[in-house]
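All remarks here apply to the structure that follows.
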Amino acid sequence: MAYRKDTKDRRESLSKSLRLASLDGTLAPGSMLPTVRELSERHRLSVRIVSRELQTLIDEGVLYTVPRVGTYVGRPVERLTDTFLMLYNWPAHVTPLRIGFEERIAELGGSSMAMMLPAAIALRERGELPPLSGVFDFAYRPMTTVAWSPESGVPYVGFGSSERPELVQQTGFSDTIYFDDIDAGRQATRHLQQLGHTRIACLGLHRLDVASGLYLWSQRRAQGWRLAMKEGETDVDGLLYCPEIEPRNYDGETRAAEKAACNIIREGRATAVVCVNDNAVLGLVDALRNENVPADRWPGIIGFEDDAPSKQHLFSAMRVPWESAGRAAADLLWERRTGRLTGPPEERTIKMRLVPRTVSASPRSRKSMALEVIELAR
């Protein structure tokens, strides 16, 4: 009986302390509570009892929860005054990225805006932008002259690897999000290895000697390919094919990849190819057709992105989760805004998922399908 009374006293003490702290300002509205486990240890109560007490306070309006983030003091409607801006500069990938960003901000209780960089800069110069609680900059690219100037105290998340020091030094990003390109390159190569291939080439878009920041992602996917080949105890010398000059833009990638792919075909060493993106796949396909390679002698192919409807769904691919990237950016901004995340800049990498397809699997399937499907895709 004494044990039950002691538990009851500690349970009531937890609820009372949280109520008083929210009333006297010790815990300001919007402050994040310690985790359930931390409260459990602090008050010597079970996780189940703490969760039940917190739910009671949530029902009373003393606290509120943000899914997958935590429990806060006050009411979530107060957060609707927080506005988060997403900037972009080119249409590719914007729609799924924006959807993920906006949906996550809405779940967290804020509002969002998405607009092209020049329009946002013009509105800010005229004083027509609302006060911002955070900015997700998808518009930044190396060697551009027009860029968003961060505001002091406003969280600023960029898209790009933290291994690019200019992202932090020149733009002032507090955090970055990026895809785990090394892991994706490794997964893509392992997929081809599991199909029985050992002589696997990599078709990149970066220069072999020096890669600019624009094509660091290509270099990192090739790094993952190299790691998987090493793990399979396979020699990679001479199996990385890249253009002599990096493409200047997205539209020039297919042609650059085609030129590099011609060397893959003429040397005839590879039975499969990891192509670093959709355009590299198309460049390889163009080279195979121009060199009159029979469909049953095409190499096994895996690409990336897999998000361009005009290219159909031909070969195995590493799917790039753009919506997840938008959600990750929203989470980082929210965590900085609410004080859950403090300290130096942080990078969060997002895993890609393998989508195996029949066309990549066997010479027979390539012979029966590939040319017809490729023709439809062009």
Side-chain angles (χ1 to χ4, degrees), residues 68 90 92-101 103-104 136 138 157-164 167 175-195 197 200-206 211 213-232 240 250 253 257 272-284 300-309 311-332 346-361:
R68 293 188 296 175
W90 62 97
H93 319 305
V94 164
T95 297
L97 189 75
R98 176 183 56 78
I99 289 173
F101 180 76
E103 287 185 349
R104 184 57 179 152
F136 171 36
F138 186 62
V157 170
F159 179 83
S161 171
S162 62
E163 292 185 11
R164 289 159 56 179
L167 281 174
D175 304 289
T176 56
I177 59 166
Y178 210 53
F179 298 113
D180 193 341
D181 290 308
I182 295 176
D183 174 74
R186 178 185 280 166
Q187 283 193 62
T189 308
R190 285 177 175 171
H191 170 64
L192 293 174
Q193 290 171 332
Q194 289 168 359
L195 293 177
H197 296 284
I200 303 171
C202 180
L203 180 56
L205 289 170
H206 60 283
L214 189 61
Y215 284 98
L216 177 63
W217 55 268
S218 173
Q219 189 177 49
R220 289 164 67 91
R221 292 174 188 180
Q223 184 179 346
W225 160 80
R226 189 181 298 276
L227 288 171
M229 294 288 278
K230 182 179 179 180
E231 291 164 356
L240 176 58
Y250 183 81
E253 290 178 358
V273 183
V274 173
C275 299
V276 296
N277 73 351
D278 278 352
N279 284 338
V281 170
L282 289 181
L284 174 59
I301 299 173
I302 186 169
F304 286 76
E305 297 174 9
D306 197 43
D307 61 355
K311 297 171 186 174
Q312 301 293 325
H313 300 293
L314 307 176
F315 304 100
S316 296
M318 297 302 303
R319 180 162 290 161
V320 181
W322 288 101
E323 285 195 23
S324 297
R327 296 178 72 86
D331 281 334
L332 269 171
E346 180 171 313
E347 175 180 334
R348 292 188 183 170
T349 53
I350 302 160
K351 299 286 186 182
M352 300 185 201
R353 292 183 178 179
L354 171 67
V355 182
R357 294 208 174 90
T358 304
V359 179
S360 291

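Keep in mind the model is a prediction, meaning the values are calculated, not measured.
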Do Gln193 and Glu231 have side-chain heavy atoms sitting under 4.5 Å apart?
no
If you round to the nearest 0.5 Å, how far is OG1 of Thr176 from CD of Glu347?
4.0 Å
Tell me the closest heavy-atom pair linking Gly300 and Leu192, and the distance in Å.
C-CD2, 4.3 Å
Any residue meeting side chain to side chain contact (heavy atoms under 4.5 Å, CB included) with Ala280, in chain and number order, not counting sequence neighbours
Leu203, Ala257, Cys275, Val276, Asn277
Are the side chains of Asp181 and Leu216 in contact, using a 4.5 Å heavy-atom criterion?
no
Nearest 0.5 Å, please: how far is CZ in Phe179 from CE in Met352?
6.5 Å
Can you give me the closest heavy-atom contact between Ile350 and Ala328, atom names plus distance?
CD1-CB, 4.0 Å
From Phe159 CZ over to Leu97 CG, what is the distance, rounded to the nearest 0.5 angstrom?
7.0 Å
I'd like to know if Lys351 and Asp183 make a salt bridge, using a cut-off of under 4.0 Å between side-chain N and carboxylate O.
yes
With Lys230 via side chain to side chain contact (heavy atoms under 4.5 Å, CB included) - residues at least two apart
none
Between CH2 on residue Trp217 and NE2 on residue His206, distance to nearest 0.5 Å
9.5 Å
Could you pull out the closest heavy-atom pair between Cys202 and Trp225, with the gap in Å?
CB-CD2, 3.4 Å
Asp175 side chain reached by Arg348 side chain, heavy atoms, under 4.5 Å:
no
Pairwise side-chain contact, Val274 with Phe304, heavy-atom cut-off 4.5 Å (strictly under)
yes
For Ile200 versus Thr189, what's the shortest heavy-atom pair and its separation?
CD1-O, 3.9 Å
Nearest heavy atoms of Leu240 and Ala222, plus distance in Å
CD1-CB, 4.1 Å
Flag the pair His191 / Met318 as yes when at least one side-chain heavy-atom distance between them is below 4.5 Å, and no otherwise.
no
Run the side chain to side chain contact (heavy atoms under 4.5 Å, CB included) test against Ala330 and tell me which residues pass, sequence neighbours left out.
Phe101, Arg104, Ile105
Rounding to 0.5 Å, atoms CG (Leu205) and CD (Gln219) come to a distance of 12.5 Å
Output for pair (Arg226 CZ, Arg220 CZ), nearest 0.5 Å, gives 15.0 Å
